[in-house]
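One structure is given below, encoded as structure tokens.
Atoms within each ligand, like the ligands themselves, are counted from 1 in listed order.
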Amino acid sequence: MARVPHDPITGLIHHPYQPPANWDAVPPGVYKASTVIFPDVASLRARSWKSREGYTYGLHGTPTTFTLEERLATLEGGNHCVLAPSGLGAIMMVNVALLKQGDEVLLPDNVYGPSKDMARTLLADWGITHQLYDPMDAADLARRIGPATRLVWLEAPGSVTMEFPDLRGLIQAASDKGVPTALDNTWGAGLALPAFELGVDISMHALTKYPSGGADVLMGSVVTRDLDLHHRILMAHGRLGIGVAANDVETLLRSLPTIALRYHAHDASARQLAHFMGRQTVVKQVLHPALPGSPGHAHWAATCTAAAGLFSVMLDPALSTAQVDAFVDGLRLFKLGYSWGGPTSLVVPYDLPSMRADVSRLPGHLVRFSIGLEAVDALQADLAQALARLG
Ligand SMILES: Cc1ncc(COP(=O)(O)O)c(C=O)c1O
């Protein structure tokens, strides 16, 4: 029999959900509770939050959170999912689940900044050390893995420098030494790359971005295939006491069925605008993994079937910081602010030397664009008028 290709989107929409008797509707119900009532003492004693068989207390799951977790596992091709109140909270949950005093964690040098900050502060305070590896050199990762290494974080691409790593090589280097890998899969969103087929053990996702799509909800998730790993993450979740609000989950359940349409629209506009920026003399390099010449483009081409709506540009090093700031301030449709995946296009100038040890490969001023869902020609005209200010 022919193998049916992985189709998370139809699976998301036609997803098992048991509505209450005589209530047949497309959206799942929203259930809110702290207290869950037990019918008798025997059931109270028999049910434990640790097994997640049955409901015990709102913090440990409701029909609403369980439904979103099941759909996210479907989206990412995993078996289990645990929600967290933000993407950064999900990163913390993985760190707490897998690391203890004396352990070491390895992070890519271009990792999401607050994740690096967490390693330098909280994790260091708890006696957990870290090393930064060059994401563009799998041999560098292999060299750094030592007897205390318990976790390797991956990010593809780095969400500011947009360098796309040799994911297969990095995963191989970690698995050769028996160290689990956790991928920050926010950019791939379960749509651009098959994380578990590539061999990652944990897929962490900032649902704040594409799954929400509305720039209005903060949430994160951790998806696994392995039951034992899932159990460790579940224990960290329960013990940290980090629940998510049912109304936020409802918003996610509302947005999720349209994620593929939105993702591919962001992708198409971002590619057009990245090409446009590449034709400007003041732009020395465009950092978009789907564009030939961008760092790691060949790895992107070998691994991905799509790209998200993010790209960065390296502006001429001869420009002053004041000129770069004037270009960014001159944009009208692009708003100045953090995050991505929402309807509104965003822009942020980054201080690259504070984020990446070796900036010699990326000379100039880095400006990152998150492409929203506005008409792409209007966005291009906005870029053109702001570029004109640079003379
Ligand atoms: C790559 C990446 N990972 C994780 C996060 C954290 O997500 P949240 O903002 O939900 O904490 C972000 C947020 O910008 C991000 O860009």
Would you name the heavy atoms of Leu141 and Ala173 that are closest together and state the gap between them? CD2-CB, 4.1 Å
Short side-chain donor-acceptor distance under 3.5 Å, [Y] and [X]:
X: Asp248; Y: Thr251; value: no
X: Asp216; Y: Ser212; value: yes
X: Glu76; Y: His205; value: yes

The answer for which part of Ser159 has a heavy atom under 4.0 Å from ligand 1 is side chain
Just heavy atoms, cut-off under 4.0 Å: does Trp340 contact ligand 1 by side chain, backbone, both, or neither? side chain
Looking at ligand 1, does any of its N/O atoms fall within less than 3.5 Å of an N/O of [X]?
X: Ser339; result: no
X: Gly87; result: yes
X: Leu88; result: yes
X: Thr208; result: yes

Shared hydrophobic cluster for Ile371 and Val160 (ILVMFWY, side-chain gaps under 4.5 Å): no
The closest protein heavy-atom partner of atom 1 (C) of ligand 1 is Asp184 OD2, 3.4 Å
Nearest non-hydrogen protein atom to atom 13 (C) of ligand 1, with distance, is Lys209 NZ, 2.7 Å
Just wondering, do Gln285 and Val313 contact through their side chains at under 4.5 Å, heavy atoms? no
